[in-house]
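Single-structure report; data block below.
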Amino acid sequence: MPETALTEAEIEKLEGICAKYAGQKGSVIAVLQELESSFGYVAEKAVNFVADKMEMPRSHFYGVATFYAQFHFKPRGRNIITACSGTACHVKGSDRLIDNMVREFGLPEGEDTSADMRFTLEKVNCVGACSIAPVIIINKEVHGKMTTDKLNKEIKKLKGGQ
Amino acid sequence: MITLTIDGKKTQVVGGATVLEAARKLGVYIPTLCQHPKLTPFGGCRLCIVEVKGVPRPLASCTTPAAEGMEVTTSTPQLEGLRKTVLELILSDHPDDCMTCEKAGNCTLQELAYSYGMRENRFRGERRTYAKRDANPFIERDLEKCILCGRCVKVCKEVQGVSAIDFAYRGFQAKISTPFEHDLNCEFCGQCVSVCPTGALTGKGWAKKGRQVEVNEVDTVCGYCGVGCNLTLNVKGNEIARVTSREDTWNEGWLCVKGRFGYKFVNSPDRLTTPLIKKDGKFVEAGWDEALQYATDRLMEIKGKYGPDAIGGLSSARCTNEENYLFQKIIRAGFGTNNVDHCARL
Amino acid sequence: MMAMNLEIKVCMGTGGMAAGGEGVLKAFEAELKHNGLEAGFGKCSSGKVGCRGFCARDVLVDVIVDGQKTTYQYIKPEMVSRIVKEHIMEGRPVAEWEVKEDYHIFHDKQIKVVLHDCGEIDPEDIGAYIERGGYEAAKKVLSELGPADVIELVKKSGLRGRGGAGFPTGVKWEAARKSPGDVKYIICNADEGDPGAFMDRSVIEGNPHSVIEGMIIAAYSVGASNGYVYIRAEYPLAVERLRIALDAARQKNLLGKNILGSGLDFDIKVKLGAGAFVCGEETALIASIEGERGMPRAKPPFPVASGLWGKPTVINNVETLANIPCIIRKGAEWFASLGTEKSRGTKVFALTGKVKNTGLIEIPMGIPLRDIVFEIGGGIENGKKYKAVQTGGPSGGCIPEDCLDVKIDYESLMQLGAIVGSGGMIVLDEDDCMVNVARYFLNFTQSESCGKCVPCRVGTKRLLEILDRITKGEGREGDIELLEKLSQDIKLTSLCGLGQTAPNPVLSTLKYFRHEYEAHIRDRKCPAKACRALITFSISEALCKGCGACMRACPAGAITGEKKQPHKLNQALCIKCGSCFDVCKFKAVVKE
């Protein structure tokens, strides 16, 4: 899907970001973090705008953005469910929870966002809440000692709420 | 100066030199893939590992600064075994297609595989595959053959100042990429092609034009502009298969898109091969004597009729310095006018 | 009203918040107000505290009436009114909700230095930290000691880096101090990436000022005027509390220009990580702060000589820095008296996995692993058999039952092929397949490899492929030897610590659990019955009561059957998720 051109409001926002980091060494990651939070993902048109404005290679922004797990290149779902796959969660069965969600959300093979843009399932390495493993974060709220039953109830709530 | 010992031989290098540079100075061979003398060290291929007395693990000689009193060993059965493993790992993620590869016979990776006698591969497994072919007009980018040595990224940034490409992704998925993986859109200087140690980067026009053993290397000077870069024409039969440039020349092997890729005109059927004289509004082929005589006569006639300042000379940047010198000489001394200029000033 | 003073402390680290700590605190505030109790006390406070370690029991609440502390566990908002009524108003603590003996056993073997104030003070209140002696160490250093004296003191304490490698902190500081240059940096490494480790998160959530104070002292000793905390973005609560703490410290001139009139200029910036494990490696961390891809570079030169922007840089881990104020306050001798000869002081571990009591613990170096698992941890949960403890995360190894008496210190664990690492300690039981554990870690390191050097980029991939086929029952003769050889070669040839240690989980499981590998390869069996490809589920007709629980739990519709009739499992549809096995109350689902 080709991206649409930047709107005036978006340009204003991007100029603000550029101004904020102008002349600061090593700000590429911070700029990308701003793009991710403003657009919900790292939009190509936004990267091109800031890279050109800041007189830095676009390839560098792309290289940095693809290195870090935090950055996404496609719009994400309205509900973001984060499954911890740290060691403690792994030995406590996080895989099963993840498989369950892939089925529940109907995620296409290799995709992390459902076709209807309702759910994005992401795996993170360790959220550091291992003593309440397995941990699932639903729209930024941490849920510990998760079970398939509890999870399905939460998913039902999300589905009902839409 | 720093004094160190490599394989029992003492040598001196300036502060800041690496162990690899010291070894090269001594003429000691250490295999490398990612290191390039004109680019900053990378330390990624791990083939140049050496043992340093007092250090428990092997060190990459390309990134280790030479230090006073250092005792370095460049080859032991253990080191060679480790190099072989590393090479085997590289080859386990590399297409086995030397038979058809453009770079065969001129490929550092192939040379190393040959000298280490790589036949079996214990680590055969998943290989990176990329379906999409970069549609740019000049540079063939076969990323499946890329070993992530980073030379192309460095040359583009450090030498050319363009940074059209960079590393993207990480781990096994790491690749060299343009922004958002579009087709390469740069100056197409091909510096990246010249430093690539494998068949990952070649010229699009090179395909099936001839292996390195078949070509005749003819050194010449680029005729596109007055900079005068040294070119080496790789000629097969009477056709240019590709253009390269030697690193030991003043332009250090670097070229621009015209010098490197703009050689098709040489064998073009449209090229003029005899002088033409316009007769009755049409160009007609003529001999050299006839053409020169005609030009001389007409110029002398104009000079006699209107004076020398009626004549002006404009020379081309594609002429060499020597040719340009001779040209201004004939205009000034021969015709007696200072009306002489050069297209590069315009 | 008899009581004069009342204090309520609600645990609100990430664990406490997840269990509903915020609701509990609000309930207390509402109840106190509702009953008009606040006015009745000379001093009445209710507030949040950071993690006290025992997150598995959250929400934990301390109710302190005139200095008499009662700790409640598993508290939910709806339980609050009864506590307020019976305990606070009527003076009868609710005994059934109080913590039991095991709570005390969990804490008794611990010695809290770094965690001393975590769980006791409000981390968002600088006053609470100062009240307990906070920033005294910094004041003492700035007014009484020279930089060299401080370094001498830290060296004498024997403190070693708590991030994993165990490099002597004082020596590192000294090297940076001696490096020529006007501009130097102190970086606090809070990129706690090891899965199964959350010490740094808890320290910053529970007592961020201890880290800031440690950084001020480090800056003074090294001669740095700029500091960074490189912290994971996955720790939003820690980031927020750190920012609050930094602002508070600036307001009190503990950061900024001419700190407390000492002439020291020092400030700290927060840099958020963006999700790359390799950035815990110091040269990659530096690259990341510089806004680059977090690809490590070769050492030497070491960061103390040429680090951030090419300037001398000290990188210390959170826990290391949090130890510094205590060492200054209580003396190097006191610190050195804890622990063992080569590993001084205490170490914080994140004890998790198949153990009854999971949480954050701080123990003196040198106590046996057995005490940690079976006393502090209370032994294996669900009556299962101990199999191993995995320490050091993806760089570490597994410690089998025979070695349970190993003393926890840098050298002893190293000898076993494990490492102290940053402090993750994951207990595994008989249900855990060790080949699968190795595969899990290799999958992790492989996806976190930066891709710069060949052995790590391709080598870990090949290790993972071999482990993959073994766990799928497709292992080949010679795979074990190949794993060993490749592991050793990767360790020797990789560029950075990630690659150099990535094969450790393979080597250590091969060392102690080789028979499990052999069973997978030769007998096509997973002894722990964990590898999906090698197990089958079936329903025992004799035991099945036909309750239908398994049928409802099965996500694949593989189970059919009439009510009160033995159910049947269709192998062709079974995805081997184990849901039926988990829900069956009659042990009628058989796993083979």
Side-chain angles (χ1 to χ4, degrees), chain B residues 16 18-19 33-34 40-49 51-52 55-67 78-79 81-94 121-128 147-150 153 166-176, chain C residues 275-279 283-284 292-302 305-306 442-466 468-469 476 478-479 481-483 485-500 502:
Chain B
T18 64
V19 171
L33 275 169
C34 66
T40 53
F42 186 61
C45 78
R46 314 308 286 171
L47 285 173
C48 72
I49 46 170
E51 283 172 12
V52 175
V55 181
R57 66 168 62 248
L59 296 174
S61 59
C62 70
T63 52
T64 306
Q78 193 200 17
L79 283 175
L82 291 172
R83 284 180 186 144
K84 204 168 169 178
T85 298
V86 170
L87 205 51
E88 209 172 332
L89 287 170
I90 295 174
L91 293 170
S92 74
D93 184 31
H94 191 86
N121 199 317
R122 294 168 290 170
F123 309 124
R124 224 172 277 278
E126 187 192 331
R127 269 203 308 110
R128 289 164 298 150
I147 57 164
L148 279 304
C149 71
V153 174
D166 204 340
F167 283 89
Y169 301 95
R170 66 182 184 209
F172 195 71
Q173 274 71 45
K175 68 196 281 200
I176 307 297
Chain C
F277 171 71
V278 68
C279 290
T283 60
E292 302 284 331
R293 291 163 58 81
M295 300 208 288
R297 61 154 180 77
K299 295 186 279 191
F302 290 93
S306 173
L442 259 296
N443 186 40
F444 178 86
T445 34
Q446 199 271 316
S447 64
E448 292 297 332
S449 162
C450 82
K452 178 171 177 175
C453 79
V454 174
C456 183
R457 181 181 76 237
V458 190
T460 58
K461 171 86 179 166
R462 300 302 175 228
L463 284 180
L464 177 62
E465 285 172 348
I466 299 169
D468 252 338
R469 67 176 179 241
R476 306 167 193 161
D479 271 353
E481 293 72 20
L482 191 58
L483 280 174
K485 177 76 176 79
L486 181 54
S487 292
Q488 279 149 5
D489 288 0
I490 292 172
K491 278 173 78 84
L492 283 172
T493 52
S494 288
L495 192 160
C496 84
L498 190 150
Q500 287 162 11

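Sequence lines set the chain letters: A, B, ... in the order given, protein chains first and strands last, and positions in each chain run from 1. Just so it is clear, the model here is predicted, and its values are computed rather than measured.
Rounded to the nearest 0.5 angstrom, R83(B) CZ and D489(C) CG are separated by 13.0 Å. Summarising the geometry, atom NZ belonging to K461(C) is positioned 6.5 Å from atom CD belonging to Q173(B); distances are rounded to the nearest 0.5 Å. Separating the CG atom in L82(B) from the CD1 atom in I490(C) is a distance of 11.0 Å, to the nearest 0.5 Å.
When each of L89(B), T85(B), L148(B) is paired with V454(C), the side chain to side chain contact (heavy atoms under 4.5 Å, CB included) condition holds for L89(B) and for no other.
Proximity to chain C (any heavy atom under 4.5 Å) is shown, for F167(B), by both the backbone and the side chain. If you measure heavy-atom distances from L495(C) to chain B, the contacts under 4.5 Å come from both the backbone and the side chain. Contact of K485(C) with chain B is made through the side chain alone, with heavy-atom distances under 4.5 Å. Proximity to chain C involves both the backbone and the side chain of P58(B), based on heavy atoms less than 4.5 angstrom apart. Of the atoms belonging to T493(C), heavy atoms from both backbone and side chain fall under 4.5 Å from chain B. Proximity to chain B (any heavy atom under 4.5 Å) is shown, for T460(C), by neither the backbone nor the side chain. In this structure, chain B has heavy atoms under 4.5 Å from both the backbone and the side chain of K452(C). Of the two parts of R457(C), the backbone and the side chain both hold a non-hydrogen atom closer than 4.5 Å to a non-hydrogen atom of chain B. Both the backbone and the side chain of E126(B) come within less than 4.5 Å of a heavy atom in chain C.
Taking both residues in full, the closest heavy atoms of R46(B) and C453(C) are given as CD-CB, 3.8 Å, listed atom of the first, atom of the second, then distance.
Under the 3.5 Å distance criterion, the side-chain polar atoms of R57(B) are left unmatched by any main-chain donor or acceptor of S494(C).
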Check your understanding: What's the verdict on side-chain contact (heavy atoms from CB on, under 4.5 Å) for F123(B) and L486(C), showing C-alpha distance, side-chain angles and the deciding distance?
Key -> CA-CA 9 Å; F123(B) 309 124; L486(C) 181 54; 3.9 Å; yes
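Taking C34(B), A60(B), G125(B), A174(B) one by one and counting their heavy-atom pairs under 4.5 Å with chain C, the maximum is reached by G125(B).
In the model, R462(C) has a side-chain atom that pairs as donor or acceptor with a side-chain atom of S92(B) under 3.5 Å.
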